[in-house]
Asker: 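Here it is: the structure, laid out below.
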Amino acid sequence: MGFNYRIIIHLMGLLLLFNGSFMLMAALVSGIYADGVTLELTLSAILTQLLGILCMFYTRGHKKEVKRKEGYIIVTLGWIVMSASGVLPYLLSGAIPDFTNAFFETISGYTTTGASILDDIEVLPKGILFWRSLTHWIGGMGIIVLAIAILPLLGIGGMQLFSAEAPGPNADKLHPRITDTAKRLWLIYVGYTAAETLFLSLAGMSFFDAINHSMATLSTGGFSTKNASLAHWNNQPLIQYIVIFFMFLAGSNFVLSYFAFKGKVQRILQDEEFKFYAGFILLFVAMTAVVIYYNANVEISEFHPMPFGAAESSFRHGLFQVIAVITTTGFVTADFTAWTSFLTVFFFGLMFIGGSAGSTAGGIKVMRHILIIKNGLLEFKRTLHPSAIIPVRFNGKTVSEHIVYNVIAFFVLYMLLFIIGALVLSAMGLDFITAVGGAASSLGNVGPAFGDLNPVSNFNGLPDLGKWWCGFLMLAGRLELFTVLILFNPYFWKRI
């Protein structure tokens, strides 16, 4: 059985049309601010849409059926096509004239990683800054639909664990619920973005900064319009607390937001993953804030000005950075790698947690950690009672062995790819801390890392090959590993 290449090309054409439309939005912003790159952005949009039209015209009359193999190709190729076409605004405007750097910035945007090669963000035209944030927002929207609607159909998503009451479809209930799911979740996503933009504007941000940071927050991306990221507003705690709140929402399951708007608050409070997600954050924030406040090696003066004193400042910075790393948003209010050796190692560990399944966050995901821990603890019982059938339970329901095996396989592959990723970076001449931090950050879609890639630096110093390698890690991590890695399996391409 061969592949239905026509449907694959047709869908790539559709994605290019969407991408071109978003470029036109950036061109409109450029025109409003008269920043001098309106023509370049418009030309980028036209070229992208023309290519999309050609793809769709060439494949008209295609078979509409998409089989599982085509699904894997469409998902992975879709992110690559979006990233490859997304470099045009950078290249044509001259904002990032080098193709490798432009592609790195673009794929970092679409995968909502937030790692950047830009040394001075604030000199960029506003249309380019808006396009940069849009790549985050597009990627975040795509991830929601991917997690809720597509990955479960391919047998690799964590969302199979939700009951039929969730708006996400089950594998045997495709229509019309997939369309309904996408519409509802996009509406929530857009609504949250608009709400954060409003609140940030009222708190003192300019409207332009507010909408850009809102897009970066809800997508858990982390691109900022300021060189200092959110540290630019260290003297305005309200702005940082607003971002903290929306980062928390973005890192939680969007299905739970749907339940909240339906008035089913009890469903949220009973959800195991949400309880662990919130519990982890509370515990880690308490630890971080105490170390920041009491440890002599941490310069409280770094957080000046402190409108409400050192205690509030320690709590706020601890809360901000814990949520920013767990949700893989990657915003920074300070260089957390300078907060003692203990906190450096601590934040490195947080990079492997990730947000909730069904969120825009990257990483391993809280749900997988829960299942791995539960299964590990049950192995003690199984050892004592080898004949007993002791299933793993989640939210009071039995989890199938297939899902448990899938989670374990994911974890093993994730750690293996992290080790390989660090080895490859070290082979390019990076020191141990930089290589390990860069691999963990790229694979987890976090953004800031350690060593030469710390929060007050960027990825521009990487060799070109290192940038392409980190881009691959970003893509693999963003698309749940299996989606990308299965394409490297020769068996996948055999006709059967």
Asker: Can you list the residues that meet the side chain to side chain contact (heavy atoms under 4.5 Å, CB included) rule with V285, with sequence neighbours excluded?
Answerer: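 Side chain to side chain contact (heavy atoms under 4.5 Å, CB included) check on V285 returns I281, F315, L319, V322.
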Asker: Looking at F459, does the NZ or CZ of K467 lie under 6.0 angstrom from its six-membered ring centre and within 45 degrees of the ring axis?
Answerer: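 No, K467 does not sit over the ring of F459.
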Asker: Under the side-chain hydrogen bond (donor to acceptor under 3.5 Å, both in side chains) rule, what pairs show up with a residue in residues 414-432, not counting sequence neighbours?
Answerer: D431-T434
Asker: On the 0 to 90° scale, with breaks at 30° and 60°, tag the F336-F450 ring pair as parallel, tilted or perpendicular.
Answerer: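 Perpendicular.
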Asker: Would you find a donor on one side and an acceptor on the other, under 3.5 Å apart, between the side chain of S441 and the backbone of G447?
Answerer: yes
Asker: Evaluate side chain to side chain donor-acceptor pair (under 3.5 Å) for N253 paired with S356, printing each intermediate quantity in order.
Answerer: CA-CA 5 Å; N253 195 321; S356 305; over 6 Å; no
Asker: Could you tell me which non-hydrogen atom of L218 sits nearest to which non-hydrogen atom of F254, and how far apart they are?
Answerer: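 Looking at all heavy atoms of both residues, the shortest contact is CD1-CZ, 4.3 Å.
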Asker: Who are the side chain to side chain contact (heavy atoms under 4.5 Å, CB included) partners of S219, not counting sequence neighbours?
Answerer: T112, H136, Y189
Asker: Quick one: do E379 and R382 make a salt bridge, cutoff under 4.0 Å?
Answerer: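 Looking at R382 together with E379, the answer is yes, because their closest N to O distance falls below 4.0 Å.
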Asker: Report yes if the distance between the aromatic ring centroids of F284 and F346 is under 6.0 Å, otherwise no.
Answerer: yes
Asker: Just do the side chain to side chain contact (heavy atoms under 4.5 Å, CB included) check on M428 and V424 with the steps written out, would you?
Answerer: CA-CA 7 Å; M428 296 177 189; V424 171; 3.5 Å; yes
Asker: Could R132 and F223 be counted as a cation-pi pair, given that NZ or CZ must be under 6.0 Å from the ring centre and within 45° of the axis?
Answerer: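 Yes - R132 lies over the ring of F223, closer than 6.0 Å to its centre and within 45° of its axis.
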Asker: Determine the minimum heavy-atom distance between L462 and L453, stating which atoms define it.
Answerer: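 For L462 versus L453, the nearest heavy atoms are CG-CD2, 4.3 Å.
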Asker: Taking the six-membered ring for Trp and the full ring for Phe, Tyr or His, determine whether the centres of Y72 and F482 are under 6.0 Å apart.
Answerer: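 No.
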Asker: Using the six-membered ring wherever Trp is involved, compare the ring planes of F472 and F488 and label them parallel, tilted or perpendicular (cut-offs 30° and 60°).
Answerer: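 Ring orientation of F472 relative to F488: perpendicular.
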Asker: Does the plane of the ring in F352 sit parallel, tilted or perpendicular to the ring in F348? Use 30° and 60° as the thresholds.
Answerer: perpendicular
Asker: Charged N to carboxylate O under 4.0 angstrom, E480 versus K365?
Answerer: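 Salt bridge between E480 and K365, a charged N being under 4.0 Å from a carboxylate O: yes.
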